[in-house]
Structures are given as structure tokens and as C-alpha cells.
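Proteins get letters first, then strands, A, B, ... in listed order; numbering begins at 1 in each.
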Amino acid sequence: MPCPAPRTPAAERVADALIPWYREHARDLPWRGEAFLHSFGAWGVLVSETMLQQTPVTRVIPHLAAWLERWPTPAALAAATPAEVVHQWANLGYPRRALWLHRAAGSIVAEHGGRIPRDVDALLALPGVGEYTARAVAVFAFGDRHPVVDTNTRRVIARVVHGREQPHPPARRDLDEMAELLPDDDQDAAAVNAAMMELGATVCGARSADCAHCPLAAECAWHRNGHPAGEDRRRRQARYEGSDRQARGAVLRALRAASAHALPVDAVLADWPDAAQRDRAIQSLVDDGLVEAFAHELRLPR
DNA sequence: CTCCGGGCTC
DNA sequence: GAGCCAGGAG
């Protein structure tokens with residue numbers, strides 16, 4: 001565990017306001033509460049956090065239940081084929097995450113006796129597990145004390161602590177800033193981590209800030225200064241319509257619809273407007289291990 | 001820094 | 001149509 005950073009009085013006030021607010025207003029999500037942790041434990045947390053990477057909560061919920069019913073343990077998932085895994089991932093997006101989770105399950109079985117590691121560095125070594133997911137598992141599955149920083153946390157810190165509407169792009173420093181807000185007690189620290197994400201998701205949004213219902217309004221530098229606009233350092237997201245990503249998605253959707261069966265190459269996106277783009281998409285899917293290519297056929301990988 | 005899904009909202 | 005979403009890898 002990292003050594004507790006010294007807390008300022010302001011940091012203590014933030015935690016003192018956040019914890020009761022969270023107990024009162026937290027959404028009733030499936031991965032909160034004892035039933036989930038008791039049934040699925042750290043594996044359920046790892047699966048849910050992976051699905052939640054860049055995919056909204058409301059879309060994850062039904063897929064998570066189905067996934068854990070089919071593969072209730074890392075060993076069960078490790079025994080599946082990539083084709084089954086990619087098919088089950090369905091339309092959650094960024095399907096490389098499904099392969100990473102599959103490979104992580106194999107590593108958990110081979111190197112950790114089938115149990116999810118508790119150590120952050122061991123978690124970080126798993127494919128598809130980065131700074132956010134590693135600490136989310138350590139904190140929400142095992143109850144340890146670490147800073148957990150996601151897009152919500154970064155935005156809340158930018159506003160409350162720095163008085164800026166928008167956060168800078170993700171940086172290592174974010175972890176230190178969050179660590180400075182954490183109480184010494186493990187459970188309180190976990191609650192503050194969860195509450196910062198919840199606040200950003202439900203009250204202090206990217207598009208709208210409902211300061212009238214915010215437990216941190218009295219502490220918030222951005223609110224106190226009258227919501228200054230400030231400069232916007234966000235990077236613009238590439239256009240999706242007509243992109244290679246869209247082509248990849250269409251190829252994979254066709255192969256999922258064919259289940260594990262192979263499809264003739266010419267039948268996959270036969271009417272795609274840009275043939276070169278279609279071929280580029282297929283090649284990149286093969287490179288990622290999401291598609292297997294034969295002389296004239298494609299299929300999900302076995 | 002760029003790439004990587006897909007659905008929903010403003 | 002553009003931005004956003006419990007990010008991660010190369």
C-alpha cells in the first residue's frame with residue numbers, strides 16, 4: 001500500500017461531505033452491495049471494470065450478468081475459445097477488450113492459481129488492465145487503499161481543487177492528487193474513490209453541473225469563482241462515420257452473425273463503399289487476433 | 001499521441 | 001453532427 005499522503009483540512013472536508021452523500025445517493029448498481037461480491041468476488045469486479053472501460057453503465061449491466069453466468073470463474077473463461085469470447089462480447093464495443101480479458105484469465109490460471117491477484121503491480125501486468133482497472137479491482141474487490149482515477153474523478157478534481165471546468169489530459173499526477181483526498185481508513189478511502197466517480201457521473205457531469213445538489217459546492221473552487229469557462233485542452237475525437245473503426249465493426253458484426261462459421265471474404269461487406277478500407281479493416285482485425293483469415297474465407301478465431 | 005466501437009444525448 | 005462514456009495499448 002502506498003504511504004498515506006498528508007491531508008489538508010480542505011481534503012478532510014471533501015471526504016467528510018462525500019461519504020454521507022454517497023451512502024444516501026449512490027445508484028443501486030449490480031456490482032454494489034454484498035450479493036454481487038459474494039457471488040462473483042474479484043472476478044466479477046474485473047469483468048465489470050473491463051466492460052466499463054469507455055462503455056456506459058446502462059449498456060454494461062445486461063452483458064455483465066450474461067457473461068458471469070456463462071463464465072463464473074477465470075478458469076471457465078480461460079477454457080473458452082476466442083470465437084466464443086468475441087461472440088459473447090456482442091456490441092459492447094472495443095472488442096479487443098474481450099480478447100484481453102480472455103488472455104488475462106489464462107494468465108490468472110497459469111500464474112496466480114486461478115485467483116485474481118490483489119497486488120496492483122501484478123494486476124497491471126495483466127493484458128487490458130491499466131492504471132484505472134488495476135486500482136479499481138484492488139480497492140473495490142479487496143478493500144485496499146489506493147487512488148482510483150477515472151474520467152469522472154479527473155473532472156471533479158479539476159473543478160473542486162483547481163477551479164477549472166475541464167481536466168487536463170490524463171497524467172500520472174492525477175493519482176497523487178486523488179491520493180491526497182483519501183482518508184486513512186481503508187473503507188472510507190474506498191468510499192471516497194467510489195463517491196468521486198459517482199458524483200462525476202450523476203451530478204458534476206461533463207455537459208452539465210448540478211451545483212444546487214452537489215455536496216462539494218461549498219468546497220468547489222470552480223463553483224466559488226462563478227463557473228469560469230477557461231481554455232479547453234480536450235482533444236477532438238476522430239469522426240466515426242466512414243472511419244476504419246466503423247468498417248472493423250461492420251466486419252466483426254457480420255462474423256458474429258455467422259456465429260463460429262466461416263464466411264466467404266467476398267460476402268463480408270460486399271457492398272462496402274470503399275474496398276481498400278474494407279481490406280484494411282480485415283487485415284487489422286487479423287493482426288489483432290479478432291479474425292482468422294484463410295484463402296477465401298474469414299471466421300472468428302478458434 | 002493515435003488508434004480502437006457503438007449507442008445515446010445535447 | 002459533435003461530444004461523451006467507470007480506458008488501454010502501441
**Request:** Can you label the angle between the W67(A) ring and the W89(A) ring as parallel, tilted or perpendicular, going by 30° and 60°?
**Result:** perpendicular
**Request:** Classify the nucleic acid contact of W89(A) as base, sugar-phosphate or nothing, counting any heavy atom under 4.0 Å across all strands shown.
**Result:** nothing
**Request:** Could you work out the separation of dA6(C) and dC4(B) based on their P atoms and round it to a whole Å?
**Result:** 22 Å
**Request:** Could you tell me whether V129(A) contacts a base, only the sugar-phosphate backbone, or nothing, with contacts defined as non-hydrogen atoms closer than 4.0 Å?
**Result:** sugar-phosphate
**Request:** Examine distances only and state if a side-chain atom of R145(A) and a backbone atom of L182(A) form a donor-acceptor pair shorter than 3.5 Å.
**Result:** yes
**Prompt:** Rounded to the Å, how far apart are R135(A) CZ and dG7(C) C1'?
**Reply:** 13 Å
**Request:** Name the nucleic acid region contacted by L252(A), choosing base, sugar-phosphate or nothing; use a 4.0 angstrom heavy-atom cut-off, strictly under.
**Result:** nothing
**Asked** Does D150(A) use its side chain to pair, donor to acceptor, with the backbone of N152(A) at less than 3.5 Å?
**Response** yes
**Request:** Report yes if a side-chain nitrogen or oxygen of R155(A) is closer than 4.0 Å to either non-bridging phosphate oxygen (OP1 or OP2) of dC5(C); otherwise report no.
**Result:** yes
**Asked** Heavy atom of residues 276-284 of chain A under 4.0 Å from DNA chain B: which residues?
**Response** none
**Request:** Report the distance from atom CZ of R97(A) to atom C1' of dG10(C), rounded to the nearest whole Å.
**Result:** 18 Å
**Asked** Whole Å only: how far is the CD1 atom of I61(A) from the C1' atom of dA6(C)?
**Response** 12 Å
**Message:** For the residue pair W272(A) / Q277(A), report whether a side-chain donor-acceptor contact shorter than 3.5 Å exists.
**Reply:** yes
**Request:** For atom CZ of R27(A), decide whether the heavy atoms of other residues, nucleotides or ligands shown that lie under 6.0 angstrom number more than 12.
**Result:** yes
**Message:** Any carboxylate oxygen within less than 4.0 angstrom of a Lys/Arg side-chain nitrogen, looking at E84(A) and R70(A)?
**Reply:** yes
**Prompt:** Roughly, in whole Å, what's the span from CZ in R239(A) to C1' in dG3(C)?
**Reply:** 13 Å
**Prompt:** Does a distance-only test, which skips hydrogens and angles, find a donor-acceptor pair under 3.5 Å between the side chain of R59(A) and the base of dA6(C)?
**Reply:** no
**Asked** Between N152(A) (CG) and dG3(C) (P), how many Å, whole number?
**Response** 19 Å
**Asked** Is the ring centre of W71(A) less than 6.0 Å from the ring centre of W43(A)?
**Response** no
**Request:** Give me the first and last nucleotide of DNA chain B, going 5' to 3', that has any atom under 4.0 Å from a heavy atom of chain A.
**Result:** dC1(B) to dT9(B)
**Prompt:** A238(A) or A250(A): which one's nearest nucleotide on DNA chain B is closer to the 5' end?
**Reply:** A238(A)
**Message:** Can you confirm whether the side chains of R97(A) and Q53(A) place a donor and an acceptor under 3.5 Å from each other?
**Reply:** no
**Asked** Contacts to DNA chain C from residues 44-58 of chain A, heavy-atom cutoff under 4.0 Å, which residues?
**Response** E49(A), L52(A), Q53(A), Q54(A), P56(A), V57(A)
**Asked** Counting only side-chain N and O atoms of T133(A), is one of them less than 4.0 Å from OP1 or OP2 of dG7(C)?
**Response** no
**Message:** Main chain of V45(A), side chain of S48(A): is a donor-acceptor contact present, judged purely on distance under 3.5 Å?
**Reply:** yes
**Request:** Select base, sugar-phosphate, or nothing to describe what A136(A) touches, counting heavy atoms under 4.0 Å on all strands.
**Result:** nothing
**Item:** Phosphate-side-chain proximity, R236(A) and dA2(C), N/O vs OP1/OP2 below 4.0 Å
**Value:** no
**Message:** Closer than 4.0 angstrom, basic N to acidic O: yes or no for E198(A) and R32(A)?
**Reply:** yes
**Request:** Between dC5(C), dG3(C), dA6(C), spot the one nearest the side chain of L29(A), thanks.
**Result:** dA6(C)
**Message:** Quick one about H162(A) and E177(A) (side-chain donor to acceptor, distance below 3.5 Å, no hydrogens or angles considered), yes or no?
**Reply:** yes
**Asked** Closer to the 5' end of DNA chain C via nearest nucleotide, is it W100(A) or R27(A)?
**Response** R27(A)
**Asked** Is a salt bridge present between R135(A) and D144(A), judged by a nitrogen-to-oxygen distance below 4.0 Å?
**Response** no
**Request:** For dC8(B) versus dG8(C), give the span between their C1' atoms, rounded off to a whole number of Å.
**Result:** 23 Å
**Message:** Measure CZ/R245(A) against C1'/dA2(C) and give the value in whole Å, please.
**Reply:** 13 Å
**Message:** Base, sugar-phosphate or nothing for G93(A)? Non-hydrogen atoms, less than 4.0 Å.
**Reply:** base
**Message:** Would you say S284(A) and D287(A) are linked by a side-chain donor-acceptor pair, where the criterion is simply a distance under 3.5 Å?
**Reply:** no
**Asked** For atom P, what is the distance between dG7(B) and dA9(C), given to the nearest Å?
**Response** 24 Å
**Asked** Starting at CD of E241(A) and ending at C1' of dA2(C), how long is that distance when rounded to a whole Å?
**Response** 12 Å
**Asked** At under 4.0 Å between heavy atoms, what does P95(A) touch on the DNA or RNA strands: base, sugar-phosphate, or nothing?
**Response** sugar-phosphate
**Fill in**
dist Q246(A):CD -> R239(A):CZ (nearest 0.5 Å) comes out at 9.5 Å
**Prompt:** Base, sugar-phosphate, or nothing for Q246(A), non-hydrogen atoms under 4.0 angstrom?
**Reply:** nothing
**Whole-Å gap separating C1' (dG3(C)) and CZ (R207(A))** = 5 Å
